[in-house]
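If you're wondering where the values come from, they're calculated on a predicted model, not measured in any experiment.
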Amino acid sequence: MTDSYEFFKNRILLLTGIDLNAYKEKQMKRRIDTLIERHSFDNYEDYVVSITNDKDLYEEFVNYLTINVSEFYRNPLQWDILEKTILPELIFRFGTALKVWSAACSTGDEPYSLVMSMSRLISIDHIKVYATDIDKQVLGLAKDGIYNTRSIANVPADMKSLFFNQVSDNEYEISGRIKRRVEFHEQNLLSDLYPQSQHLIVCRNVLIYFTEEAKDEVFKKFYSALAPGGILFIGSTEQMINYKSVGFERVDSFFFRKPL
């Protein structure tokens with residue numbers, strides 16, 4: 001029967017390159033059904049035909065599908081470990097020209113937070129962060145660098161005064177000095193090539209939406225993408241129970257090292 005979720009998943013893979021089989025089905029199907037009902041479509045087939053021919057519907061779908069929830073310095077205690085322990089170790093081992101990748105970076109909160117954290121230890125002009133996301137729309141927002149009060153609530157006071165300009169009652173623009181240190185690219189974590197020989201990979205609160213099989217595959221690819229001695233920083237909503245079988249050493253609750 002063509003009017004089925006299986007049909008829909010196959011069409012979405014061809015249309016967007018997003019493999020819905022890699023996401024937890026019950027959770028993802030519930031989100032998609034909500035979006036279809038919002039637009040009063042009767043079935044998956046009518047909806048997929050419409051997003052194929054309507055750019056706005058297509059972009060709304062991809063943006064909704066990729067679940068973009070982000071904020072600066074999310075889980076501040078983990079960022080404190082990054083600044084005081086992880087980054088100094090990486091600088092000692094690799095020098096100041098660190099290769100840093102923010103994977104599934106959403107609206108840019110995370111890579112910009114990385115630049116600010118690194119600026120405490122490295123001259124800002126020497127910092128470069130490679131940032132990727134599957135969603136073109138959120139990458140555009142990331143490049144604009146405009147954020148609301150809630151998004152920047154956890155930014156340390158000195159960083160906020162130094163690198164943010166208030167542009168309205170509830171909006172702040174991040175400094176061009178920070179923007180210039182981040183290079184944004186579109187990327188599908190499940191199908192595209194990964195940058196190699198990275199010293200730090202940050203991917204937080206994204207893999208929880210993947211199936212266990214897809215999650216394991218991504219962790220293996222992160223491991224391959226790290227330089228020996230490099231660190232993977234994951235989110236507090238995620239676990240890597242089988243980190244030893246992947247090859248990682250646990251450094252802290254959410255930090256894992258590729259052995260030298």
Partners meeting ring-ring contact (aromatic ring centres under 6.0 Å, His included) with [X] (sequence neighbours left out):
| X | value |
| --- | --- |
| F256 | Y243 |
| F254 | none |
| H185 | Y130 |
| F72 | Y147, F164 |

Sequence-distant partners of [X], side chain to side chain contact (heavy atoms under 4.5 Å, CB included), two or more places apart:
| X | result |
| --- | --- |
| S50 | F41, L57 |
| E186 | K136, L139 |
| Q187 | W101, T132, L189, D192, Y194, P195 |
| L121 | L87, P88, I91 |

With sequence neighbours left out, what residues match [X] under side-chain hydrogen bond (donor to acceptor under 3.5 Å, both in side chains)?
| X | answer |
| --- | --- |
| S253 | none |
| N188 | S191 |
| E217 | none |
| E59 | none |

Between K258 and Y223, is NZ or CZ placed under 6.0 angstrom from the six-membered ring centre and within 45° of the ring axis?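 Yes - K258 lies over the ring of Y223, closer than 6.0 Å to its centre and within 45° of its axis.
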